[in-house]
Amino acid sequence: MQDKPFSYTIPYPGFKPSRVDNHLQRHLSDLKGQFSNEKAYQTLLKKEDVLLYEVYEIKRPEVEGEILMGISIVHPGKVGNEFFMTKGHFHTILGTAEMYYCLHGEGFMVMETPEGDTAVEALAPGKVLYIPPRWAHRSVCTSRQQDLVTFFAYPGNAGHDYGTIEEKGFRKLIIDRGDGIEIIDNPSFNE
Ligand code: PA5
Ligand code: NI
């Protein structure tokens, strides 16, 4: 049987799509070892396992030819001087791309290839970001009050490889210097 075309809306404000098949929530404990200040991480975790981000997924079969879509919402906050962020991942099928459209908030997409090329793109409402095949990606919310909200779409067969990032981290970090935001080399990047 063939699928019928379908549509849905992304209301403003709120950004919860009118069609949601899966609501994913990731907390501080899900990003163990990913923030550079381990002491600040443990202190915050003892206080509360805060919700860092959530994703509303519109499910499709995870096969070539399909497109997976959703809304990602990263909440504002910091661990030490590092802003709340997503786990980040390579796609399991490295040769698959992704696109993001920023709807709300302020932040960055931190990206890198297995060969060690790096890129950081600022995200603001109206910005479209194209992530070519091979680039790992992580969203970072740098606003003090507002969520970073993005719409994303990627090939159905892409898959998520979280292990590489869990083991190595990203080469670049986004930190709050007090007088501004800085992109620095990750001192504990695991080559
Ligand atoms: O595939 C994507 O890049 C997004 O759907 C992300 O999965 C989403 O932003 C959450 O990030 P992560 O999967 O790294 O936890
Ligand atoms: Ni992705």
Side-chain angles (χ1 to χ4, degrees), residues 8 10 15-17 19-35 41 49-64 66-77 79 82-114 118-125 127-143 146-174 186:
Y8 56 94
I10 300 165
F15 305 103
K16 183 183 171 189
R19 168 180 173 146
V20 175
D21 300 312
N22 188 36
H23 180 204
L24 196 133
Q25 294 184 300
R26 289 214 218 273
H27 297 82
L28 193 59
S29 56
D30 295 313
L31 271 82
K32 191 174 180 301
Q34 289 302 305
F35 288 97
Y41 176 85
D49 190 7
V50 286
L51 178 65
L52 301 186
Y53 63 99
E54 40 200 317
V55 182
Y56 293 112
E57 294 178 317
I58 290 95
K59 284 270 183 207
R60 295 296 306 163
E62 297 185 6
V63 297
E64 197 179 344
E66 290 282 351
I67 296 174
L68 305 185
M69 299 166 284
I71 289 281
S72 159
I73 303 179
V74 187
H75 298 302
V79 177
E82 204 177 351
F83 294 101
F84 283 3
M85 60 194 186
T86 61
K87 277 171 82 91
H89 56 267
F90 285 95
H91 288 165
T92 312
I93 308 286
L94 255 188
T96 53
E98 182 154 348
M99 56 88 40
Y100 275 81
Y101 178 52
C102 183
L103 296 166
H104 185 74
E106 292 163 26
F108 292 90
M109 189 68 77
V110 177
M111 296 164 282
E112 67 182 53
T113 65
T118 62
V120 176
E121 277 288 328
L123 294 172
K127 177 86 77 94
V128 177
L129 170 65
Y130 181 71
I131 305 173
R134 303 182 66 76
W135 288 80
H137 40 283
R138 158 180 284 166
S139 321
V140 182
C141 172
T142 54
S143 165
Q146 296 184 327
D147 291 333
L148 173 67
V149 184
T150 50
F151 172 83
F152 60 80
Y154 60 95
N157 62 334
H160 291 82
D161 162 20
Y162 290 107
T164 308
I165 297 299
E166 276 167 9
E167 206 179 292
K168 297 184 170 189
F170 273 84
R171 284 175 161 82
K172 298 286 180 187
L173 304 181
I174 312 286
N186 180 358

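Start at 1 and go down the list; that is how both ligands and their atoms are numbered.
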Starting from [atom], what is the nearest protein heavy atom, named by residue and atom, and what distance separates them?
atom	value
atom 8 (C) of ligand 1	V55 CG2, 3.8 Å
atom 2 (C) of ligand 1	E98 OE2, 2.8 Å
atom 11 (O) of ligand 1	T86 CB, 3.6 Å

Show the atoms of ligand 1 that are less than 4.0 angstrom away from any heavy atom in [X].
X	answer
G88	14 (O)
Y162	12 (P), 13 (O), 14 (O), 15 (O)
Y53	10 (C), 11 (O), 12 (P), 15 (O)
R26	13 (O), 15 (O)
H137	3 (O)
S72	9 (O)

ask   = Would G70 count as a contact of ligand 1 if the rule is a heavy atom under 4.0 Å away?
value =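 The answer is no, since G70 has no heavy atom less than 4.0 Å from ligand 1.
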
request  = Take atom CD of E64 as the centre, draw a 6.0 Å sphere, and report whether it contains more than 12 heavy atoms from other residues, nucleotides or ligands.
outcome  =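 Result for CD/E64: open.
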
query = Are more than 12 heavy atoms from other residues, nucleotides or ligands located less than 6.0 Å from atom CD1 of I67?
reply =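 Open: at most 12 neighbouring heavy atoms sit under 6.0 Å from CD1 of I67.
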
request  = Take the angle between the ring planes of Y100 and H137 and call it parallel below 30°, perpendicular above 60°, tilted in between.
outcome  =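 Ring orientation, 0 to 90° scale: perpendicular.
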
task = Return the orientation label for the F15 and H104 ring planes: parallel under 30°, perpendicular over 60°, tilted otherwise.
result =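 The rings of F15 and H104 sit tilted, inter-plane angle from 30° to 60°.
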
query = Can E54 and H75 be counted as having a side-chain donor-acceptor contact under 3.5 angstrom?
reply =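 Their side chains do contain a donor-acceptor pair, which is all the 3.5 Å distance test asks for.
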
query = Angle subtended at the Ni ion (ligand 2) by NE2 of H91 and NE2 of H137, to 10 degrees?
reply =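 If I round to 10°, I get 100°.
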
ask   = Do any of the N, O or S atoms of H89 sit under 2.8 Å from the Ni ion (ligand 2)?
value =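 It does: H89 brings an N, O or S atom closer than 2.8 Å to the Ni ion (ligand 2).
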
query = Do K16 and I71 have side-chain heavy atoms sitting under 4.5 Å apart?
reply =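 No. Closest side-chain heavy atoms not under 4.5 Å.
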
query = In E98, which N, O or S atom comes closest to the Ni ion (ligand 2)?
reply =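 Going through the N, O and S atoms of E98 one by one, OE1 ends up nearest to the Ni ion (ligand 2).
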
Lys/Arg N to Asp/Glu carboxylate O, E166 vs K32, below 4.0 Å =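 The answer is no: the pair does not qualify as a salt bridge.
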
message = Could you check whether R19 pairs with D21 (Lys NZ or Arg NE/NH1/NH2 to Asp/Glu carboxylate O, under 4.0 Å)?
response =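 Yes, charged N to carboxylate O under 4.0 Å.
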
ask   = Just heavy atoms, cut-off under 4.0 Å: does Y100 contact ligand 1 by side chain, backbone, both, or neither?
value =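 Contact part for Y100 vs ligand 1: side chain (C-beta onward).
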
Under 3.5 Å, which donor-acceptor pairs do the side chains of residues 156-164 form with other protein atoms, sequence neighbours left out?
| from | atom 1 | to | atom 2 | distance (Å) |
| --- | --- | --- | --- | --- |
| D161 | OD1 | G163 | N | 3.1 |
| D161 | OD1 | T164 | N | 3.3 |
| D161 | OD1 | T164 | OG1 | 3.3 |
| D161 | OD2 | T164 | OG1 | 2.7 |
| Y162 | OH | R26 | NH2 | 3.0 |

